[in-house]
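Everything below concerns the one structure shown next.
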Amino acid sequence: MHSVRLQKSMGIVYILGAAFCFALMNLFVRLAGDLPVMQKVFFRNLIATAVVFFLLLFQKEKFRIHSKSCIPWLFLRAAIGFAGVILNFYAIDRLNISDASILNKLSPFFAIVFSALLLKERPSVIEIVFVLITFGGAMFVVKPSFGWETVPALAGFFSGACAGFAYTCVRILGEKGERSDMTVFFFSAFSTLVSLPFMIAFFQPMTAWQLTSLLLAGFSATGGQFFITAAYRKAPAKEIAVFDYSQVLFAALLGFFFLEQIPDLFSWIGYAVIIGTAIAKWLYHLKKTHPAHRAKIKEDELPPLLQEDQPPANDPPPTKATEDSPPNKENQ
């Protein structure tokens, strides 16, 4: 029991580290200044590609894809994930970084929608309610209007949708047996190669500070990826994923101290609704997987007579079942 608690505690620490790294990535992307989005996307993925490339070199299977059936999903995950990064960076450049962070964190709720479409997983009524409440909260951050000022917030919203789709593809790849390192490498290499021509075509000369910021953004994103992978090796996602929302707090603090950004009242309401729903979803799934709850469900599934006439736990079981009395549970 102590070992399990220790593993869970380490998982929480790692996922907090991941949240801080991704908040740092957002900060450095913004500090890089007025550069083309594709130039920023290129450097963000270049670092990750290089790091994971060297990791795969020392693995037995190296760059071998698990099976041919994984290839379409690797490309789909990479393409949608790449689109999500572009939208996220576009939002970071034009919104408070905490607003961009919370909109990107809609991904777990989008994943419920895409899991229903791609994996045929039927969401429960309560999960549908969670999704609707969360999207309602997102509207406080987006603040929809008919003007161009809404475009960056919509970009952030759809970056969360792309991330949710990408996570669903990752699940499918995991079920097919593909390695997580290979999935990350394929996505990073794909994004680097596709963004390269755009980066060259629209390249803008960078100051030493801008180049440093982009390299730090790449290292922060790579560090976040390693932290989050380590976190989910220590504890199940359902037990610790909610702590990933601390990224919004980290982003708000970094935005305040380094960019003098202060979210407005509507954004704070949106944060409260989205994070509150995430916590409620987390508590709901914890309760559903608790042993006592599972036992209660099992008992509720028994025929009515067995629910009412089971012998007390301390009583000896009946030695013989008669035609007039229901058989005990062990004899069914």
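Of all heavy-atom pairs spanning S159 and L87, the tightest one is CB-CB, 3.8 Å. For the pair A217 and V29, the tightest heavy-atom approach, listed with the atom from each and the gap, is CB-CG2, 4.0 Å. Here the closest non-hydrogen pair linking R30 and Q261 is NH1-NE2, 3.3 Å. In terms of heavy-atom proximity, C169 sits nearest to R77 at CB-CB, 3.7 Å. Taking each heavy atom of I15 and A241 in turn, the nearest pair found is CD1-CA, 3.9 Å. Between T222 and G218 the shortest heavy-atom distance is OG1-O, 2.8 Å.
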- Item | Criterion side-chain hydrogen bond (donor to acceptor under 3.5 Å, both in side chains) on S98 and Y271, from CA distance to verdict | CA-CA 9 Å; S98 54; Y271 299 171; 2.8 Å; yes
- Query: Hey, mind stepping through I172 and E178 against side chain to side chain contact (heavy atoms under 4.5 Å, CB included) and telling me if it holds?
  - Reply: CA-CA 9 Å; I172 293 172; E178 188 55 82; over 6 Å; no
- Determine, stepwise, if the pair L74 / F187 fulfils side chain to side chain contact (heavy atoms under 4.5 Å, CB included). CA-CA 7 Å; L74 283 169; F187 160 67; over 6 Å; no
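Residues M206 and F43 have side chains in contact (heavy-atom distance under 4.5 Å, counting atoms from C-beta outward). Within the 4.5 Å cutoff, the side chain of L259 has heavy atoms near those of the L31 side chain. Using a 4.5 Å cut-off on side-chain heavy atoms (C-beta onward), P36 and M199 make no contact. Contact check for E127 versus F109: no side-chain heavy atoms found under the 4.5 Å cut-off. Side-chain contact between T192 and L196 is absent, with no heavy atoms from C-beta onward closer than 4.5 Å. Proximity of V273 to I133: side-chain heavy atoms (C-beta onward) are separated by under 4.5 Å at one or more points. With contacts defined as side-chain heavy-atom distances shorter than 4.5 Å, the pair L215/F28 does not qualify. Residues L27 and F258 meet the side-chain proximity criterion, which asks for heavy atoms closer than 4.5 Å.
Around atom CD of E175, more than 12 heavy atoms belonging to other residues, nucleotides or ligands sit under 6.0 Å away. Heavy-atom neighbours of F203 CZ from other residues, nucleotides or ligands within 6.0 Å: above the threshold of 12. When the shell of 6.0 Å around CZ of F256 is examined, it contains 12 or fewer heavy atoms from other residues, nucleotides or ligands. Open room surrounds CZ on F198; 12 or fewer heavy atoms of other groups in view lie less than 6.0 Å from it. Taking a 6.0 Å sphere around OH of Y232, one finds it holds more than 12 heavy atoms contributed by other residues, nucleotides or ligands. Environment of OH in Y245: crowded, with over 12 heavy atoms of neighbouring residues, nucleotides or ligands closer than 6.0 Å.
In the hydrophobic clustering of ILVMFWY residues, with side-chain heavy atoms under 4.5 Å counting as a link, I275 and L132 come out apart. By the rule that hydrophobic residues join a cluster once side-chain heavy atoms approach within less than 4.5 Å of another member, L46 and F22 end up as members of separate clusters. By the rule that hydrophobic residues join a cluster once side-chain heavy atoms approach within less than 4.5 Å of another member, F53 and V41 end up as members of one cluster. Residues F219 and F89 are members of separate hydrophobic clusters, defined by side-chain heavy-atom contacts under 4.5 angstrom among Ile, Leu, Val, Met, Phe, Trp and Tyr. Hydrophobic clustering (ILVMFWY, side-chain heavy atoms < 4.5 Å, transitive): I112 and L283 are in one cluster.
Look at D244 and K105 and you find a salt bridge, because one of the NZ, NE, NH1 or NH2 atoms lies within 4.0 Å of a carboxylate O, short of that distance.
Between the side chains of N45 and S195, no donor N or O sits under 3.5 Å from an acceptor N or O. For the residue pair S267 and K143, a side-chain donor N or O sits within less than 3.5 Å of a side-chain acceptor on the partner.
Of the possible donor and acceptor atoms, none in the side chain of H66 sits under 3.5 Å from a partner among the backbone N and O of R179. Looking only at distances, no side-chain donor or acceptor of T150 sits under 3.5 Å from a matching main-chain atom of P144. Looking only at distances, a side-chain donor or acceptor of Q210 sits under 3.5 Å from a matching main-chain atom of T207. With hydrogens and angles disregarded, a donor-acceptor distance shorter than 3.5 Å links the side chain of K62 to the backbone of L57.
The aromatic rings of F110 and F135 lie tilted to each other, with the angle between the two planes from 30° to 60°. Using a 30° and 60° split on the angle between ring planes, W282 and F243 fall in the perpendicular class, above 60°. Between F227 and Y14, the ring planes lie tilted relative to each other; the angle falls in the 30° to 60° range. The aromatic rings of F82 and F190 lie perpendicular to each other, with more than 60° between the two planes, well past the 30° mark.
For the atom pair N26 CG and N88 CG, the distance stands at 6.0 Å (nearest 0.5 Å).
For the pair R171 and Y167, the NZ or CZ position fails the cation-pi test of under 6.0 Å to the six-membered ring centre and within 45 degrees of the ring normal.
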